[in-house]
Structure formats: C-alpha cells, structure tokens
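Below you'll find the structure I mean.
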Number of protein chains: 2
Amino acid sequence: MDVTLTAGRNWTDPACPVARTVDLVGDRWSLLIIRDAMDGAATFTEFLERLQIARNILTDRLRRLVDHGILDRSATGGRRHTYQLTEAGKDLFTTVVALRQWGERHAFAPHETHSVLVDPQGRPVPVLRIRGEDGSPITADTSHVRRAT
Amino acid sequence: MDVTLTAGRNWTDPACPVARTVDLVGDRWSLLIIRDAMDGAATFTEFLERLQIARNILTDRLRRLVDHGILDRSATGGRRHTYQLTEAGKDLFTTVVALRQWGERHAFAPHETHSVLVDPQGRPVPVLRIRGEDGSPITADTSHVRRAT
DNA sequence: TCATTGAGTTGCATTTTGAAACTCTTGGAG
DNA sequence: CTCCAAGAGTTTCAAAATGCAACTCAATGA
C-alpha cells in the first residue's frame with residue numbers, strides 16, 4: 001500500500017497489525033467484495049448482482065478499496081471500469097480462506113451444505129494450521145504478542 | 001455454535017462460509033475483542049480500557065459474541081463477569097493471525113514498527129501459506145469455489 | 001456504613017446504511 | 001446521424017448503528 005496512506009491515517013490501534021487490517025477491510029462488504037473479486041467478478045454490475053448491495057455503498061467500498069491499494073481500477077471506455085485485485089489484494093487470500101474454513105467448521109449445522117474451496121485438480125483445500133518453524137502447532141494460548149519496540 | 005443459531009438466521013449469503021463468518025465477526029470491534037481475549041483480556045473493564053470502545057457498544061458486542069458461541073460468560077459475584085473464548089472462539093486464531101500477517105506486510109510503511117507474534121520460545125511465527133495436499137502453493141487464481149450441492 | 005469499583009443502562013446527537021429515483025456517457029441498432 | 005439502452009454512478013431522504021455522557025445498581029472493603 002502507498003506509504004502516504006498509512007502515514008496520516010487515524011488507526012484504531014496504530015501499533016497493531018490486526019487493528020490496521022480490520023480498519024481497512026473489516027466491514028461486512030469489503031471482505032465479500034474481495035471474495036467475489038477472487039472468484040472472478042470485475043465490474044460494478046457484477047459485484048452489484050452477486051452481493052445484493054446498495055449501489056451507493058458499492059461505489060463507496062470500491063473507491064475505498066482502490067484508495068487502499070487493494071483493488072486497481074482501469075477505464076474501459078466511458079464510465080465503464082474494470083476492478084482487479086492488486087498484489088496486496090490477492091494476498092488477502094489467506095485471510096479469506098481462514099474466514100471460510102472457520103465458517104465451515106462453526107457456522108453450519110451438521111446437515112447444512114455449503115460451497116467448498118478446491119484446488120485446480122478439484123481436491124478440497126486442506127485446513128490451514130499455524131505452526132512454528134519446527135512444525136509444532138501454535139494456538140492462542142501458546143503464542144503471545146511482542147510489543148513494538 | 002448452537003445449531004438453533006445457524007438455522008433461523010438471516011445470512012447475507014446463506015451458502016457461503018465466508019459470508020456467514022463475516023456476518024458473525026466482520027465488524028470493526030468483534031475481531032478486536034477476540035484479539036484481546038486471545039491476549040488475556042477477560043473482564044468488561046479490561047476490554048474497555050484496551051479498545052477505547054464505547055461502553056454500550058462493548059456491552060452489545062460481548063452479548064452478541066456470547067450468543068454466537070464465541071465467548072463464554074461466567075458470573076463471578078454480583079454483576080461481575082468473566083469472558084472466555086469458547087473452542088469456536090479459540091479457533092478464530094488462524095483468522096486473526098491471517099489478518100495480522102497481512103497487516104504486517106501491507107499496512108505498515110517500511111520504517112514503521114509494529115508488534116510481532118511469537119511462539120513460546122520467543123521466535124516469530126512463520127508466515128501462513130495455503131498449500132494443497134501435495135504441498136503445492138494455492139492462490140486465488142489457482143483455486144475456485146465448488147458450489148454447494 | 002458509606003464510598004468505590006465493576007458492569008452495565010438510558011437518552012440524545014452524529015454517522016453510516018439502505019432503497020429508490022435521477023443523471024451522464026457511449027457503443028450500437030436502425 | 002439519431003436515438004436508445006446499458007454501465008456506472010449521484011442524490012435524496014429515511015432508518016439503523018455508533019458514540020458519548022450521565023445515570024443506575026450490586027457487592028466489596030476501609
């Protein structure tokens with residue numbers, strides 16, 4: 001992201017990377033826009049149809065995501081535009097997968113069906129796990145945050 | 001989470017696990033409350049002080065998270081309570097780490113310092129990567145969503 | 001017993017959302 | 001060339017969520 005955008009900003013908690021990310025994409029719509037962009041959506045109308053979002057809100061969120069360097073907007077004649085994920089945007093893939101996998105585990109009743117993320121060969125993507133350099137599992141209890149110096 | 005909670009709910013997109021998760025924790029405060037719970041916060045006042053959140057909003061978010069089975073509330077005499085992450089809540093660790101690592105990479109200017117997540121030995125937690133069963137890296141471009149059947 | 005602290009309510013102002021109607025531009029169909 | 005439809009927004013206004021300050025209420029504990 002552009003340095004000038006991080007510099008003058010009013011962060012909820014300036015030293016915490018979690019808080020900064022939440023400030024940038026932590027609302028109901030931004031993450032779903034990013035999800036759909038990863039799934040191939042690229043124009044205003046495509047997002048509009050997939051999300052059932054109000055037009056003015058979509059306008060606002062797209063602009064915000066472009067401003068934050070997550071989406072790239074290119075004109076394709078007239079008012080027509082194409083929105084593409086930037087490298088930073090694509091890098092949110094891990095986050096989206098983490099949200100997805102948690103939802104699969106905890107937001108569906110046993111009998112409810114849900115969509116599944118698969119690799120190019122059609123095999124389900126394995127569950128993300130956090131491990132130390134030596135491969136040992138790390139949890140919220142066994143890790144801790146070292147404050148910025 | 002309690003099945004009765006998933007059943008009658010008004011989801012933004014009922015078949016999508018990402019959307020369900022975002023419906024449950026995708027607002028500015030919930031994820032930061034969860035972050036602080038993972039960092040040891042347990043009482044109303046502790047959350048209040050760490051987050052600089054309005055009291056009524058904190059009340060609402062804590063109640064919501066308890067209702068969604070992410071936090072557990074236990075009385076400790078009078079109006080005093082302790083909030084603890086449930087198993088589902090602890091399982092959001094992966095998501096919080098993903099948000100944190102994205103923020104570290106994209107929401108800080110090169111010269112800015114930020115806190116670091118470390119394992120019990122004090123070593124930084126490695127970057128989360130999504131890999132197929134065979135260990136090959138998977139990105140937004142190489143994966144896709146198989147719709148619910 | 002009486003002030004203090006934790007954990008909320010309540011009332012009101014400010015912001016953000018959402019829905020619907022309106023605008024502007026441009027690539028075609030005729 | 002003219003007119004129309006489609007894409008991509010604005011604008012307007014009502015409804016909901018947020019934020020702040022002041023107020024309540026129960027249990028310590030000096």
Side-chain angles (χ1 to χ4, degrees), chain A residues 9-14 19-20 22-37 40-68 70-85, chain B residues 9-14 19-37 39-68 70-85:
Chain A
R9 213 151 199 298
N10 248 31
W11 304 101
T12 302
D13 180 347
R20 287 207 182 190
V22 168
D23 281 346
L24 296 179
V25 300
D27 68 298
R28 182 185 300 12
W29 294 119
S30 296
L31 280 165
L32 296 182
I33 289 170
I34 290 160
R35 173 203 64 176
D36 283 349
T43 67
F44 188 87
T45 312
E46 280 168 355
F47 288 112
L48 199 66
E49 285 168 353
R50 297 196 192 204
L51 289 169
Q52 313 259 19
I53 184 180
R55 308 168 78 75
N56 53 341
I57 305 297
L58 179 56
T59 301
D60 177 79
R61 291 303 185 282
L62 287 173
R63 198 195 323 269
R64 227 193 188 79
L65 290 171
V66 169
D67 288 350
H68 293 153
I70 290 164
L71 289 177
D72 223 9
R73 181 166 93 151
S74 52
T76 64
R79 280 193 177 185
R80 272 143 240 226
H81 293 110
T82 296
Y83 296 91
Q84 308 266 4
L85 288 166
Chain B
R9 216 152 196 295
N10 249 30
W11 304 101
T12 301
D13 180 348
R20 287 207 182 188
T21 304
V22 168
D23 281 347
L24 296 178
V25 300
D27 68 298
R28 185 183 288 29
W29 294 119
S30 296
L31 280 165
L32 296 181
I33 289 171
I34 292 161
R35 173 202 65 177
D36 284 349
D39 197 37
T43 67
F44 188 89
T45 311
E46 279 168 355
F47 289 111
L48 199 67
E49 286 169 353
R50 297 197 193 204
L51 290 169
Q52 314 261 10
I53 185 179
R55 307 167 78 72
N56 54 340
I57 305 295
L58 179 57
T59 301
D60 177 79
R61 290 304 185 283
L62 288 173
R63 196 197 323 269
R64 228 192 187 76
L65 290 171
V66 169
D67 287 349
H68 292 154
I70 290 165
L71 289 178
D72 224 8
R73 182 167 91 151
S74 52
T76 63
R79 282 194 177 184
R80 271 143 241 226
H81 294 111
T82 295
Y83 296 90
Q84 308 267 1
L85 288 166

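For the numbers below, each heavy atom of this structure counts, side chains included, while hydrogens, waters and symmetry mates do not. Every chain is numbered from 1 and lettered A, B, ... according to where its sequence line falls, protein lines coming before strand lines.
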> B:D60 CG to D:dA17 C1': how many Å, rounded?
Replying inline: 9 Å
> Is any side-chain N or O of A:N56 under 3.5 Å from a base N or O of C:dG18, one able to act as donor and the other as acceptor?
Replying inline: yes
> What nucleotide, of D:dG19, C:dG18, D:dA8, holds the atom closest to the side chain of B:A54?
Replying inline: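 From the listed options, D:dG19 comes nearest.
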> Hey, does the side chain of A:Y83 come within less than 4.0 Å of D:dG7's phosphate (OP1/OP2), counting only N and O?
Replying inline: no
>> Is there a side-chain contact between A:R63 and the phosphate of D:dT10, meaning an N or O under 4.0 Å from OP1 or OP2?
In response: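 Affirmative; the distance criterion is met.
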>> Using the rule salt bridge (charged side-chain N to carboxylate O under 4.0 Å, His left out), only one of B:D67, B:D36, B:D27 pairs with B:R61; which is it?
In response: B:D27
> Rounding to a whole Å, what distance do you find between B:D23:CG and D:dA17:P?
Replying inline: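 Result: 13 Å.
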>> OP1 or OP2 of C:dT17 versus the side-chain N and O atoms of A:R61: is any pair under 4.0 Å?
In response: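 Checking C:dT17 against A:R61, a side-chain N or O does come within under 4.0 Å of OP1 or OP2.
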> Under 4.0 Å: is that the gap between some side-chain N or O of B:W29 and OP1 or OP2 of D:dG19?
Replying inline: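 Answer yes for this pair, as a side-chain N or O of B:W29 is under 4.0 Å from OP1 or OP2.
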> Closest to the A:R73 side chain: C:dG8, D:dA8, D:dG9?
Replying inline: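 That would be D:dG9.
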> Taking atom CH2 of A:W29 and atom CG of A:L62, what is their separation to the nearest 0.5 Å?
Replying inline: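 Interatomic distance, A:W29 CH2 to A:L62 CG, rounded to 0.5 Å: 12.0 Å.
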>> In whole Å, I'd like the distance from the CD atom of A:E46 to the P atom of D:dG7.
In response: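 Rounded to the whole Å, the gap is 10 Å.
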>> So for B:R55 and D:dA21, does any side-chain atom that can act as donor or acceptor lie under 3.5 Å from a complementary atom in the base?
In response: no
>> Rounding to an integer number of Å, can you tell me how far A:D27 CG sits from C:dT15 P?
In response: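 After rounding, the reported distance stands at 19 Å.
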> Is the shortest side-chain N to carboxylate O distance from B:R35 to B:D39 below 4.0 Å?
Replying inline: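 Judged by the 4.0 Å cut-off on N to carboxylate O distance, B:R35 and B:D39 do not form a salt bridge.
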> Whole-Å distance between D:dT18 P and B:L62 CG?
Replying inline: 14 Å
> Is any side-chain N of the basic residue among A:R9 and A:D23 closer than 4.0 Å to the acidic one's carboxylate O?
Replying inline: no
>> What is the separation between atom CZ on B:R80 and atom C1' on D:dA27, rounded to the nearest whole Å?
In response: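 To the nearest whole Å, that distance equals 5 Å.
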>> Using whole Å, what does the distance between atom P of nucleotide D:dG9 and atom CD of A:E49 come to?
In response: 15 Å
> Of A:D72, A:I70, A:V66, which meets side-chain contact (heavy atoms from CB on, under 4.5 Å) against A:Y83?
Replying inline: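 Exactly one option meets the side-chain contact (heavy atoms from CB on, under 4.5 Å) with A:Y83, and it is A:V66.
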> Between C:dG6, C:dG8, D:dA8, which one does the side chain of B:T45 approach most closely?
Replying inline: C:dG6
> Picking from D:dT18, D:dG9, C:dT17, which would you name as closest to the side chain of B:I57?
Replying inline: D:dT18
>> In this structure, how many angstroms lie between the C1' atom of D:dT18 and the CZ atom of B:R64, rounded?
In response: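 Interatomic distance, CZ of B:R64 to C1' of D:dT18: 12 Å.
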>> Given C:dT9, D:dG19, D:dG9, identify the nucleotide with an atom nearest to the side chain of B:T59.
In response: C:dT9
